[in-house]
Amino acid sequence: MRIVVKVGTSTLAHSTGRLNIRQVEKLTKVLSDLKNTGHEIIMVSSGAIGMGSGKLSLKKRPDDIATKQAAAAVGQCELMYTYDKLFSEYHHTVAQILLTGEDFEVEKRYENFSTTLQRLLELDALPIINENDSIATEEIVIGDNDTLSALVAIGARADLLVLLSDIDGLYTADPHKDPDAKLIEIVERVDDGIIALGGDSSTKLGTGGMKTKIHAARLCTEKGIDMIIANGSDPESLYRIVEGESVGSKFLGRRA
Ligand code: GLU
């Protein structure tokens, strides 16, 4: 299988903003092992701004664009240094690709991206993708890595996109507020009812950014790609996912 795994900042970092070493070590171990069994893995990783803020000893995550873009430039190095070090322990070679919205809109750039990605997989490297946060401006920003990972999954003709989050999946109501909220294991179709479950705000804490995840699900499933939302606190669930067990919420790709 060709699998795109998107890792959010909540999976990579503690609430202090510093690296969650235990979790990142577990994740890189599982992904290395899945590669060893013959699966093709592409990662979409967040965390550049958060890690850069930590490295620059900023007191809090920056609000202004210039500092955010500077923090991303620092944090992206730190992020790739960490992945390179950890994946190297299992003899896997990482490759960094940074993208902006324009790279999906300008045909030639999109073609270059797809060709490079394909070649990296043929060379058995592990592409790790993020938005080019130091360059992206309002006009060309993709804005969130859920959407970016869906665009990557489509460009890579992946079989599956897995979004690792701080929530188990999509619920019938906000599980932080409603004790009767139930996990929806299978979503056959991303219809208006499902879109409404995402809420209004992409940053609403209680829903774990569900709006952008449902948007990603719509993009993927329309192109026939399955998407799963699972809890990133248990990277070993990726083994169960590839074995076809029910984990988190699965959005079924439309079959022609
Ligand atoms: N590209 C951002 C970063 O690396 C994260 C965006 C997102 O989490 O959706 O900090």
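As the structure lists them, so they are numbered: ligands from 1, and atoms in each ligand from 1.
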Test item: [X] side-chain N/O and [Y] main-chain N/O as donor-acceptor pair under 3.5 Å:
X    : Y    : answer
N20  : H14  : no
R255 : G224 : yes
Q69  : D64  : no

Closest non-hydrogen atoms of I167 and P175, given as atom of the first, atom of the second and distance, are CD1-CG, 4.0 Å
Per-pair distances, ligand 1 N/O vs protein N/O, less than 3.5 Å:
from: ligand 1; atom 1: 1 (N); to: N130; atom 2: OD1; distance (Å): 2.9
from: ligand 1; atom 1: 1 (N); to: D133; atom 2: OD1; distance (Å): 3.4
from: ligand 1; atom 1: 1 (N); to: D133; atom 2: OD2; distance (Å): 2.8
from: ligand 1; atom 1: 4 (O); to: G47; atom 2: N; distance (Å): 3.1
from: ligand 1; atom 1: 4 (O); to: A48; atom 2: N; distance (Å): 2.9
from: ligand 1; atom 1: 4 (O); to: N130; atom 2: ND2; distance (Å): 2.8
from: ligand 1; atom 1: 4 (O); to: D133; atom 2: OD2; distance (Å): 3.4
from: ligand 1; atom 1: 8 (O); to: S46; atom 2: OG; distance (Å): 3.0
from: ligand 1; atom 1: 9 (O); to: N145; atom 2: N; distance (Å): 2.7
from: ligand 1; atom 1: 10 (O); to: A48; atom 2: N; distance (Å): 3.3
from: ligand 1; atom 1: 10 (O); to: I49; atom 2: N; distance (Å): 3.1

Is D234 close to R240 at the side-chain level, that is, under 4.5 Å between some pair of heavy atoms? yes
- request: May I ask you to decide if the ring planes of F104 and Y110 are parallel, tilted or perpendicular, using 30° and 60° as cut-offs?
  value: tilted
